Amino acid sequence: MVIIMLGAPGTGKGTVAGILKEKLNIPQVSTGDIFRKNMKEGTKLGKLAESYISKGKLVPDDVTIDIVKNRLDEKDVENGIILDGFPRTVKQAEELDKILESKGKKVDIVVNLTTPKEEIIERIVNRRVCSNQDCKTIYNIVLNPPKKEGICDKCGSELIKRKDDNVETVEARLENYFEVTSPLVEYYEKKGNLYSTMVSKTINKLGQDVAKELVEKLKNK
Ligand code: ADP
Ligand code: ZN
């Protein structure tokens with residue numbers, strides 16, 4: 001099963017994907033996480049990615065598509081994958097379709113999350129992530145704080161704030177989303193596999209609730 005997480009930054013893609021991964025036992029592949037891992041290790045890819053990410057810009061298509069193409073060749077994703085943060089441009093979506101087609105696969109469901117802008121900014125600023133690469137649990141210090149400040153409930157590792165999670169880059173990231181990523185909503189709507197839902201405290205629905213809904217829906221598929 002190929003699941004795509006679509007939505008502006010801070011809508012809860014990572015949270016939903018993390019829960020789906022556990023419940024459905026399908027690997028989660030986040031292009032953002034791959035870039036951050038490379039940035040931390042100081043690789044060539046990491047340096048290149050950082051020059052874009054630090055400005056709130058998207059990493060170029062050719063680089064990003066190559067990464068996902070190679071990742072899709074790995075054995076662990078043969079039976080399913082949750083793509084979190086990819087595709088983010090129409091070009092990426094078209095290339096993904098080609099890659100999947102060559103493997104006799106297709107995108108099964110596109111989960112499109114929407115959140116009011118003010119809430120997105122608030123969430124991004126309050127977001128903390130577990131520094132343990134195998135855990136990566138996401139917290140919100142206001143809405144969903146850890147039991148012990150700065151420490152992951154699940155694995156006890158230190159929580160960190162992403163460098164790009166600041167008010168300066170968030171506007172640029174949102175602009176990117178509305179300009180180049182949001183056309184994907186229509187792209188997938190036309191294909192008939194879009195599942196859109198709002199994630200917002202105003203309707204008392206957070207990522208955890210969406211994940212629950214999806215697990216029920218996908219279990220019967
Ligand atoms: P968020 O959804 O909060 O922006 P991500 O971890 O998905 O977080 O992405 C972080 C950054 O990594 C993005 O702002 C962008 O610069 C880069 N990035 C991630 N995925 C892609 C992609 N598919 N194409 C281009 N750039 C990407
Ligand atoms: Zn953790």
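For ligands, and for the atoms within them, numbers begin at 1 and follow the listed sequence. Values in this document were obtained by computation on a predicted structure and should not be read as measured data.
Formation of a donor-acceptor pair under 3.5 Å by the Lys106 side chain with backbone atoms of Val2 is not found in this model. Side-chain atoms of Asn193 come within 3.5 Å of backbone atoms of Val107 as a donor-acceptor pair (strictly under, hydrogens ignored). With hydrogens and angles disregarded, no donor-acceptor distance shorter than 3.5 Å links the side chain of Asn126 to the backbone of Ile141. Under a 3.5 Å cut-off, the side chain of Thr181 and the backbone N or O of Arg88 do form a donor-acceptor pair. A donor-acceptor pair under 3.5 Å is absent between the side-chain atoms of Ser157 and the main chain of Cys152, judged by distance alone. Looking at Lys103, its side chain never comes within 3.5 Å of a backbone N or O of Glu78 through a donor-acceptor pair.
In terms of the side chain to side chain donor-acceptor pair (under 3.5 Å) criterion, residue partners of Ser200 (sequence neighbours excluded) are, by chain and number, Glu119, Thr202. The side chain to side chain donor-acceptor pair (under 3.5 Å) test applied to Thr114 returns no partner, not counting sequence neighbours.
Taking every heavy atom of Thr64 and a limit of under 4.0 angstrom, the matching atoms of ligand 1 come to 22 (C), 23 (N), 24 (N), 25 (C). Heavy-atom proximity to Lys57, at under 4.0 Å, picks out these atoms of ligand 1: 15 (C), 16 (O). For ligand 1, the atoms lying closer than 4.0 Å to a non-hydrogen atom of Lys13 are 2 (O). Each of the atoms 6 (O), 10 (C) of ligand 1 lies under 4.0 Å from some heavy atom of Arg36.
Considering only non-hydrogen protein atoms, atom 27 (C) of ligand 1 sits nearest to Phe35 CE1, 3.7 Å. Of all protein heavy atoms, the one lying nearest to atom 12 (O) of ligand 1 is Ile53 CD1, 3.4 Å. From the protein, the heavy atom lying nearest to atom 24 (N) of ligand 1 is Gln92 NE2, 2.9 Å. Residue, atom and distance of the protein heavy atom nearest to atom 20 (N) of ligand 1 are Thr31 OG1, 2.8 Å.
When non-hydrogen atoms are compared, ligand 1 lies under 4.0 Å from the side chain of Arg162 (C-beta onward) but not from its backbone.
Protein atoms that are N, O or S and lie under 2.8 Å from the Zn ion (ligand 2) are these: Cys130 SG, Cys135 SG, Cys152 SG, Cys155 SG.
Below 3.5 Å of separation, one finds an N or O of Gly85 facing an N or O of ligand 1. Checked by distance only, ligand 1 and Tyr52 stay at 3.5 Å or farther apart across all their nitrogen or oxygen atoms.
Side chains of Asn38 and Thr43: a donor on one and an acceptor on the other come within 3.5 Å.
Residue Val59 holds the heavy atom nearest to atom 26 (N) of ligand 1 of all those in Leu96, Val59, Asp33. Between atom 9 (O) of ligand 1 and the options Arg127, Arg173, Arg88, the minimum heavy-atom separation is to Arg88.
At most 12 heavy atoms of other shown residues, nucleotides or ligands fall within 6.0 angstrom of atom CD in Glu101. Within 6.0 Å of CD on Glu74 lie more than 12 heavy atoms contributed by other residues, nucleotides or ligands.
Legend: salt bridge (charged side-chain N to carboxylate O under 4.0 Å, His left out) pairs involving residues 46-62, not counting sequence neighbours, sorted by first then second residue: Glu50-Lys163.
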